[in-house]
Amino acid sequence: MVEVRVHGILGTTGEDLTDSVASVDVAGDGIGRIVRPADRLLRPVPGPQLTAGERSVPRIVEGYLWGAMTSGGLAKAAWALLFPFALANMAHWMLPPRPANSAGRALSGTLRALLRVSALLLTMLFVAQLTVITLDLVAAQCLRPGAQCMTAVPEVVRGLDVLRSSVALLPVALVIGLMYWLSTSSWEVSAPKTEGAKPSGLAPVLPGENVVSDPDTPALRVLHVAAALSTVALLVLGGPFAAGPDPRWLLAAALTAAALVGAAALDDPSGMRSNRTLRALLGRKVRRALLIVSAVLLASVALVPPRLAGELPGSGPTIDTITGLLVAVCLAVGVLLVPAILLARSGWKSSPRELRPWAGGWMAAPVLMLAAMLGNGFGAGLALSVRQTLGVSSSRGTSLVLPRAFDDVTIFWGTAALLLAVTAAVAVPWTLFRRWRHGERARSVPDEVELLHAGRKEDQQAAGSAWTWADLQRRYSHQMFLVLAGVLTASTALTLAARFAGLEFYGWRSALGVVVLAGLAVGLMRIVFLAATKRNRSRQLGVLGDLSLFWPREAHPVVPPCYALKVIPELVDRVTEHLSEPNTRVVLVGHSQGSLLAAVTAARLVDALPEQDLERVGLVTAGSQLQWAYPRAFPGAVPHQSLLKLSGDLGGRWRSLCRGTDPLGGGVTTWNRQVYGGMLIGVGFKADGTEGPLPAATRGPTGALVLGGDHWLPDPQRGPFSCRRWVPGVMGHSEYSGDPEWDRAVAMAAGLETPVRGAALPLQPETPAPTQIPSAPDLDKRPLPVRGTDGGSLDEEVPHDREQPRSEESERPEPDEPTAEPSADESGAESLVPEQDAPVERSEPAVLPEITEPRGRIAPWERGSALRSSEH
């Protein structure tokens with residue numbers, strides 16, 4: 001059995017990934033590394049034997065390291081400066097799936113076109129703000145003849161407009177060149193191209209099936225470069241409305257218009273409309289000609305500039321126009337998303353609330369607004385910081401003027417900071433009051449915690465608070481984006497109203513905005529510097545890249561290369577290579593973000609492998625976001641139905657390790673979970689590819705509860721365990737491989753072990769009979785609906801058609817206590833369900849007995865301490 005592990009965000013080392021003291025590369029190209037445990041001579045060694053039932057199976061442990069693609073070095077640290085571009089690109093993947101009807105296709109195409117236009121405007125705004133800093137603020141104002149600013153520069157240099165404009169536009173040209181170079185870079189894939197991928201405009205059948213590179217990216221990057229260069233020319237020549245006899249202005253306006261139209265019309269990777277003519281017009285020769293013409297235009301502006309004797313008249317109109325268009329496009333996206341969501345709602349309206357897309361699929365709008373405001377704020381903060389620095393260095397306090405748009409940005413961010421403070425002051429007490437009103441404050445230990453840590457009060461208290469906070473983070477994390485989008489929208493409306501009404505708000509609000517923007521610019525530059533010089537800070541900064549750079553270039557081409565386009569084909573190739581050996585099984589294991597990579601890899605294997613080889617492939621996810629985050633944030637790329645299809649294709653060989661204390665991971669294959677009568681029940685994926693009520697959870701030999709494909713781990717762990725690594729305390733999102741349930745889940749995913757009904761250890765009472773867990777009501781042999789407590793009711797009925805005698809050692813109910821009878825589904829597994837009208841009473845945590853082995857035996861999780869005490 002080969003266990004291929006894929007790590008999550010922040011990267012890791014080969015030793016940590018393979019749980020070894022040393023590791024060595026066995027394949028890969030140095031960027032995507034495949035490692036194995038090694039001995040003292042750095043020779044690859046196999047992993048520990050895998051116990052599957054009553055036998056041991058030889059196991060090889062491999063790890064795929066992809067952290068070098070998102071962090072490390074100055075170049076990757078500087079990627080943080082392009083984070084607004086990455087957000088705009090990610091918003092493209094958050095659109096709802098394209099409906100099959102014509103209206104839905106038209107709305108989907110319009111939204112995709114608007115997102116590409118907004119990304120182009122974001123590039124133009126960034127370049128325009130940089131030009132204002134270098135050419136207007138420094139060259140035209142600070143270095144004008146007679147100005148008492150940067151007095152070290154001689155008057156001879158100040159009198160040469162050509163020299164000042166050339167030097168000022170050189171960094172702008174370098175930045176645009178670096179943007180073009182970055183958009184052309186991609187990771188070299190050392191594996192054959194995988195088949196079965198769909199264009200990004202089509203809804204996937206399997207998860208991540210449409211995560212592919214866009215063939216229109218080369219043309220899109222040329223349009224961005226042409227628009228950036230023409231924006232510089234328009235700003236220098238008087239602005240977008242200063243039409244005159246200068247042919248350079250006409251050429252710049254034509255290039256800008258062509259870039260906007262091309263970006264809107266070129267988005268057709270799925271064949272929604274025919275654009276072969278447009279693609280032919282933007283062939284390689286045409287793209288090269290556009291680059292040459294744009295570069296010549298910039299050179300002519302630098303060598304033949306207008307008079308640089310003060311503030312440039314084109315700076316304000318250019319910034320205002322681009323900002324106004326960007327805000328208008330963001331509002332248009334938010335409005336058009338509403339009918340698009342209504343048309344796509346039929347795909348998820350029957351799902352429980354916790355499985356539906358966030359905000360009904362409207363999350364692309366707030367993310368796009370956040371990208372626009374962050375991009376605008378960073379440029380304005382940098383300009384204000386430069387003006388402050390130049391003003392301080394001036395010996396006589398020379399006045400340096402920025403366009404009024406920058407003052408509007410300070411008012412915007414000052415108002416936004418004030419609104420955020422007010423929102424937090426209201427939302428936090430209201431949330432606490434609602435929790436107190438619903439009685440959640442009085443009972444901090446959830447039912448699942450009581451069941452997982454039965455008889456252990458200290459563990460219940462430690463896990464209870466961690467469960468509560470983790471649940472809050474998973475439940476309300478997306479609402480923070482919605483609140484932030486609402487605050488930004490309100491601040492934008494107030495700023496625009498003040499601008500058009502002629503109101504002057506350059507008081508404390510503007511001062512607060514200056515502080516916020518300066519802190520944003522200086523803080524981001526400091527983070528980039530620390531990330532380039534200190535490894536730990538580089539890994540922390542890599543969180544942004546790990547989350548946003550999974551998605552290929554669609555809306556914005558000027559983003560770092562997508563690591564998924566390299567990792568997934570190489571994982572597919574590695575698994576296929578292992579399967580070429582007979583009698584070999586392969587299990588893909590992904591932690592956190594690695595679970596998404598592993599799931600998409602498994603989906604590609606489903607399309608590529610024959611049935612006899614696919615039966616030897618399994619999947620294990622740990623601390624995964626594949627239920628609570630990715631299907632809800634990206635319903636057009638990782639929809640819930642695609643996960644159901646993958647589970648059915650794997651035939652029950654998808655296991656998920658979960659902790660309720662994990663704020664980043666959660667259940668994957670089950671939902672509507674509740675504890676009733678001392679049993680964990682719920683709804684989830686079945687091995688036959690359907691979804692519905694599941695048999696009650698069984699308890700593993702180390703205390704884990706196995707419900708469907710989810711293995712709920714006790715955290716803190718039971719133990720210490722004999723001859724196993726043990727970590728005390730609440731672990732949350734880390735140390736999944738150290739849990740003893742890890743090997744059992746891997747064995748199940750490999751098809752070497754199956755969950756056995758009745759594997760739960762019997763309850764041994766430590767207190768008198770009246771304090772035991774109450775039984776479920778009498779089912780009366782009738783089909784009854786299962787009702788959940790966290791996602792509404794379920795309409796599917798579960799038949800109960802056979803009885804099974806109760807064990808003599810199990811607890812007998814009191815004469816007046818209702819009894820429960822087990823039922824069986826088509827697989828013969830038993831489950832307990834409550835009667836429809838019967839009230840559900842919860843038992844007190846203090847009376848739950850410890851889970852133990854039968855009389856005369858020691859529970860597995862207590863054997864380690866028992867053996868150690870007997871040796872002394």
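The figures that follow rest on heavy atoms only: side chains count, while hydrogens, waters and symmetry mates do not.
Formation of a donor-acceptor pair under 3.5 Å by the Arg144 side chain with backbone atoms of Gln141 is found in this model. Side chain of Ser166 to backbone of Leu163: no donor-acceptor contact under 3.5 angstrom is found. The backbone N or O of Pro552 lies less than 3.5 Å from a partner atom in the side chain of Asn89, making a donor-acceptor pair. Remark: side-chain polar atoms of Glu554 are not paired, donor with acceptor, to backbone N or O of Asp214 under 3.5 angstrom. Looking only at distances, a side-chain donor or acceptor of Ser491 sits under 3.5 Å from a matching main-chain atom of Phe412. The main-chain N or O of Leu547 is never found under 3.5 Å from a side-chain atom of Gln593 such that the two would form a donor-acceptor pair.
Nearest approach of Ala86 to Ser548, heavy atoms of both residues: CB-OG, 3.8 Å. The two residues Leu121 and Leu260 have their closest heavy-atom pair at CD2-CD2, 4.1 Å. Residues Ala128 and Leu235 share a closest heavy-atom pair of O-CD1, 3.8 Å. For the residue pair Leu111 and Ala340, the shortest heavy atom distance occurs at CD1-CB, 3.8 Å. Between Leu220 and Ala555, the closest heavy-atom pair is CD2-O, 3.8 Å. Heavy atoms only, all atoms of each residue included: Gly238 and Ala242 are closest at O-CB, 3.4 Å.
Here CH2 of Trp93 is found 5.5 Å from CG of Asn210. Values are rounded to the nearest 0.5 Å. Here the CG-OG distance, from Leu290 to Ser230, works out to 10.5 Å after rounding to the nearest 0.5 Å. Taking CZ from Arg287 and CD1 from Ile292, the interatomic distance works out to 13.0 Å, rounded to the nearest 0.5 Å. With values rounded to the nearest 0.5 angstrom, Leu137 atom CG is found 10.0 Å from Leu312 atom CG. Atom-to-atom distance recorded for Phe126:CZ and Ile322:CD1 is 12.5 Å, nearest 0.5 angstrom. Between Gln625 atom CD and Arg474 atom CZ the span is 10.5 Å, to the nearest 0.5 Å.
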Checking Tyr180 against Val558 for the side chain to side chain contact (heavy atoms under 4.5 Å, CB included) test, could you report, in this order, the C-alpha distance in whole Å, the side-chain angles of both residues, the deciding distance, and whether it holds?
CA-CA 7 Å; Tyr180 178 79; Val558 188; over 6 Å; no

Show your working on side chain to side chain contact (heavy atoms under 4.5 Å, CB included) between Arg164 and Val138 and close with a plain yes or no.
CA-CA 9 Å; Arg164 285 189 289 150; Val138 177; over 6 Å; no

Side chain to side chain contact (heavy atoms under 4.5 Å, CB included) between Asp407 and Leu402, worked out:
CA-CA 8 Å; Asp407 295 326; Leu402 284 173; 5.7 Å; no

Determine, stepwise, if the pair Ser315 / Asp136 fulfils side-chain hydrogen bond (donor to acceptor under 3.5 Å, both in side chains).
CA-CA 8 Å; Ser315 297; Asp136 190 352; 2.7 Å; yes

Pair Met124-Thr256, side chain to side chain contact (heavy atoms under 4.5 Å, CB included): steps then yes or no:
CA-CA 10 Å; Met124 295 169 61; Thr256 304; 3.7 Å; yes

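Residues Thr323 and Ile319 form a side-chain contact, since some pair of their non-hydrogen atoms from C-beta on lies under 4.5 Å apart. Counting heavy atoms from C-beta on, the side chains of Pro561 and Met69 never come closer than 4.5 Å. Between Thr321 and Pro240, some side-chain heavy-atom pair lies under the 4.5 Å cut-off. For the pair Val333 and Ser118, the minimum side-chain heavy-atom distance is 4.5 Å or more. By the 4.5 Å heavy-atom criterion applied to side chains, Leu107 and Pro339 are counted as neighbours. The shortest side-chain heavy-atom distance between Leu182 and Leu82 falls under the 4.5 Å cut-off. A heavy-atom distance below 4.5 Å is not found between the side chains of Thr415 and Leu512. No side-chain heavy atom of Val175 sits under 4.5 Å from any side-chain heavy atom of Val127.
With sequence neighbours excluded, the residues forming a side chain to side chain contact (heavy atoms under 4.5 Å, CB included) with Val483 are Thr423, Val487, listed by chain and number. Judged as a side chain to side chain contact (heavy atoms under 4.5 Å, CB included), and not counting sequence neighbours, the contacts of Pro366 are Trp362, Met363, Leu482, Ala485. Contacts of Cys330 classified as disulfide bond (SG atoms under 2.5 Å apart), with partners at least two apart in sequence or in another chain: none. The ring pair (Phe, Tyr, Trp, His ring centres under 6.0 Å) test applied to Trp413 returns no partner, not counting sequence neighbours.
Aromatic ring centres of Trp551 and Phe634 lie closer together than 6.0 Å.
Listed by first then second residue, pairs satisfying ring pair (Phe, Tyr, Trp, His ring centres under 6.0 Å) with a partner in residues 216-238 read His224-His556, not counting sequence neighbours. Note on residues 292-310: pairs passing side chain to side chain donor-acceptor pair (under 3.5 Å), not counting sequence neighbours, are Asp161-Arg307.
The pair Asp216-Arg221 does not meet the salt-bridge criterion, since no charged nitrogen lies less than 4.0 angstrom from a carboxylate oxygen.
Evaluated for a side-chain contact (heavy atoms from CB on, under 4.5 Å) with Ser165, the options Val301, Leu303, Leu135, Val304 yield exactly one hit, Leu135.
Under the 30°/60° scheme for interplanar angles, the aromatic rings of His478 and Trp358 are found to lie parallel.
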